[in-house]
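Everything below concerns the one structure shown next.
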Amino acid sequence: MEPKEKIRQLTQTLEEANYRYYVLDDPQMEDYEYDRLLRQLEELEAQYPELASPLSPTRRVGGQALSQFEKVVHPVPLESLQDLFSREELEDFDTRIRETVTQAAWSVEPKVDGLSVALEYVNGDFVRGATRGDGRVGEDVTENLKTIRSIPMHLEGAPARLIVRGEVFMPKKVFAALNAAREEAGQSLFANPRNAAAGSLRQLDPSIAARRKLDILIFNLQLAEGRTFETHTQVLEYLESLHFRVIPHTLCRDFSQVWQSVLDIDGGRYDLPFDIDGAVIKLDDLAQRQVLGSTAKFPRWAAAYKYPPEIKSTVVEDIIIQVGRTGVLTPKAVVRPVHLAGTTVTNATLHNQDFIAQKDIRIGDTVRIRKAGEIIPEILEVETDKRPAGTVAYRLPDRCPICGAAVVRDEDGAFLRCTGAECPAQLSRNIAHFVSRDAMDIDGLGSAIVDGLIEKGYIKSPADIYYLTLEELKGLWKNGSKAAHKLLSAIEASKTQDLGRLIYALGIRQVGAKAGKTLASAFGSMEALMSADLAALTEVPDVGPVTAQNILDWFAQPQSQHLIRRLQEAGVNFQSKEEKLDDRFAGMTFVLTGALSLFTREEATERIERCGGKAAGSVSKKTTYVVAGENAGSKLKKANELGIPVLSEEEFLKMLE
Ligand code: AMP
């Protein structure tokens, strides 16, 4: 088959699978099969780039990152809605409309709490998607919208130009998982799914947006060239027939039906996979809408009824501290169980010390609690008049509740972090780092194996890797012996890794692979590094005062000293093989450019560093020399402009002699 035809077929099959899975919620294709076909398409597109469509299913995982969003003028403005807060206000609204239009029928729909976008199709192809912005001018987020699988990339039988409007949202489950991961990593949390959706849709890198698993519900037709409709219900049916994922809607003939629908939506809201903040009521008859028209801000024929957020009082029975895999301490309030927004709530996150102090939350306090974005329990405030006598302000411990090591405040945030090099809460992550490619590079210690070893109690510190026995390892695989032997020899081989890797493997904050190397060549041995003071550490290129202090603090910890001792006893190499040659390049910065023929860039960089110099990626006033090979381009030009001396490869080698 011609590649063009094959691409067309694959595209169609994959988009059909997307439609079944994401719009109809009725998957017909195994994930495995989907991935296989997607890979086939990727390969074909790589082979024939000229045949790759910008609407290809391969774009659903995120295309190229942008440097900014373009502005888009909406041909039909994206209006706002007037808000109503009680049954009376809603009934008045209905009565008022009926004074102008008799026999009003209403479409009642959930008000999805996300952000509004317009999707534009030309000849059936998705050409542009934009945020609402101020209603008239929004931002072009086309590439991010392509990652939403329920948005069709092509419509069959659509008019020459069609624009629809919908609400992009983050499903509750995705939101909860995203925040849980952020909390564990010590990152700030999204307040609610709407903020999370907005933040995700405004990512310049579509692959990040893709990972956020956004979804959409379409609720309006903005423009359809050459097509006319009589009612909103007809419009929604038409959009459904074009394979859009359309908002659930109920047609109501009188106010009592409207009110019943509003109550039904409220009653079912906690079972919906997305967050809503109200119900929208809209006149169904499009001609009637014309008669009523719009104010400057919103249509007169529609309104949003806002549900009051559910807030309850309960008692903080205890405050516990959880330690995440990265060592972040998270305080949690254990509360007297209370039924709230669809579930029984037994605890609420307290985020960090600042949050607790600001609200002065104490054990024994009665607090008002609600669910952020109707999902995550959150303490709003303390009812201080109900505070029992004898309570004290709560302070997070200054020791890790798991391992007893000191805790420190993150450099750039409000989070406390455990400093224990052997803390059980961080063990699996620390080991993953210790054995990783740029660190001790031990093959065969994947996360499942490590977790197994930890569970069995064979490993309590990264150093324990070097004490594993054949007996202990054999049981981890079905046909254990061979794999165990292989792993043991990989572990044994890693003992001779250079000191730089070992320093990096220790996981000292802000000491990356490069700093590990520089420290190793500056001090020559682990012992010398351990006895270095702040001044000596700060003298090392690329080591600033904060990193230097981190290094000092790390070696001062009893757990760190224990770890080092055990590594030494196991015979792990503590000497740098690449001792510093001399200081002839001290204080100098080199930039390498062009095609080098006498040595590779890596070799040159290493030589520069071993002579105490620095290799940088771009030319600036601080550059001492530029080493230029064949066909040097912009960097050479810049060097000439700034009057920076340029060396040939031969001249550079001479300096090294
Ligand atoms: P507000 O932002 O409070 O003015 O409310 C209006 C917003 O509600 C619109 O901009 C839409 O983004 C959003 N919305 C969510 N669901 C619907 C719906 N079913 N019909 C109309 N608007 C909706």
Side-chain angles (χ1 to χ4, degrees), residues 72 74 76-86 89-90 93 105-119 129-139 141 145 148 150-151 163-172 191-202 214-223 231-240 244-252 258 261-262 264-266 268-269 272-284 286 289 292 294-309 373-374:
V72 176
H74 296 298
V76 181
L78 275 59
E79 291 176 304
S80 184
L81 289 171
Q82 52 188 308
D83 287 335
L84 305 173
F85 293 97
S86 64
E89 284 182 20
L90 190 61
F93 175 70
W106 298 102
S107 173
V108 182
E109 306 164 5
K111 185 168 184 297
V112 184
D113 199 12
L115 66 157
S116 221
V117 296
L119 311 177
T131 60
R132 173 161 173 245
D134 63 4
R136 296 187 177 275
V137 181
E139 285 179 325
V141 288
L145 287 167
I148 300 179
S150 52
I151 296 182
I163 302 178
V164 297
R165 177 172 176 189
E167 194 82 353
V168 169
F169 60 90
M170 180 175 283
K172 288 182 197 172
N192 51 48
R194 176 166 28 84
N195 289 3
S200 307
L201 198 60
R202 295 197 69 261
L214 300 173
D215 204 345
I216 193 168
L217 281 162
I218 304 297
F219 59 78
N220 201 40
L221 179 64
Q222 302 290 97
L223 183 152
T231 64
H232 180 63
T233 306
Q234 280 174 7
V235 166
L236 294 183
E237 278 162 8
Y238 172 64
L239 293 178
E240 217 154 41
F244 285 107
R245 187 157 180 232
V246 170
I247 192 92
H249 47 102
T250 310
L251 192 64
C252 301
V258 167
S261 289
V262 166
D264 287 347
I265 292 175
D266 192 21
R269 65 189 291 193
L272 291 173
F274 48 84
D275 194 19
I276 66 169
D277 64 336
V280 184
I281 78 164
K282 310 168 175 170
L283 269 187
D284 193 49
L286 302 182
R289 289 186 181 184
L292 284 153
S294 294
T295 70
K297 271 170 64 193
F298 40 68
R300 290 198 186 84
W301 44 263
Y305 172 80
K306 294 281 180 86
Y307 298 115
E374 308 300 334

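Note that the structure is a prediction, hence the values are computed from the model and not measured. Indexing begins at 1, ligand by ligand and atom by atom, following the structure's order. Quick note: residue numbers are just sequence positions, from 1.
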On a heavy-atom basis, which atom in E139 and which in V72 lie closest, and how many Å separate them? C-CG2, 4.2 Å

Determine yes or no for a side-chain-to-main-chain donor-acceptor pair under 3.5 angstrom, with H232 supplying the side chain and N220 the backbone. no

Is it the side chain (CB and beyond), the backbone, both or neither of L81 that lies under 4.0 Å from ligand 1, heavy atoms counted? both

side-chain contact (heavy atoms from CB on, under 4.5 Å) for L236 and E109? Distances and angles first, verdict last. CA-CA 12 Å; L236 294 183; E109 306 164 5; 4.0 Å; yes

Among V108, V280, T250, whose side-chain contact (heavy atoms from CB on, under 4.5 Å) with I265 holds? V108

One residue to check: R194. Relative to ligand 1, which of side chain, backbone, both or neither has a non-hydrogen atom less than 4.0 Å away? neither

Candidate with minimal heavy-atom separation from atom 20 (N) of ligand 1, of K282, K111, K297: K282

Element-labelled atoms of ligand 1 that are located less than 4.0 Å from some non-hydrogen atom of I247: 19 (N)

For L84 against E89, the heavy-atom pair lying closest together: CA-OE1, 3.3 Å

Can an N or O of V112 be found at a distance shorter than 3.5 Å from an N or O of ligand 1? yes

Parallel, tilted or perpendicular: which one describes the rings of F169 and F274, with boundaries at 30° and 60°? tilted

Please verify whether a non-hydrogen atom of K306 lies at under 4.0 Å from ligand 1. yes

Can you check side-chain contact (heavy atoms from CB on, under 4.5 Å) on I148 and D215, steps first, answer last? CA-CA 6 Å; I148 300 179; D215 204 345; 4.3 Å; yes

Would you please determine whether H249 falls within less than 4.0 Å of ligand 1 on a heavy-atom basis? no

Tell me which protein heavy atom sits closest to atom 19 (N) of ligand 1, plus the residue, atom name and distance to 0.1 Å. E109 OE1, 2.9 Å

May I ask you to list the atoms of ligand 1 that are less than 4.0 angstrom from any heavy atom of P110? 16 (N), 19 (N)

If the cut-off is 4.0 Å to any non-hydrogen atom of S116, which atoms of ligand 1 fall inside it? 10 (O), 11 (C), 12 (O)

Quick note on ligand 1: atoms under 4.0 Å from a heavy atom of R165 include exactly 9 (C), 10 (O), 11 (C), 12 (O)

Using the side-chain contact (heavy atoms from CB on, under 4.5 Å) rule, pick out the option among V112, I216, I218 that qualifies with I247. V112

S80 heavy atoms within 4.0 Å reach ligand 1 at atoms 4 (O)

The protein heavy atom nearest to atom 12 (O) of ligand 1 is E167 OE1, 2.4 Å

Who are the side-chain hydrogen bond (donor to acceptor under 3.5 Å, both in side chains) partners of D113, not counting sequence neighbours? R194

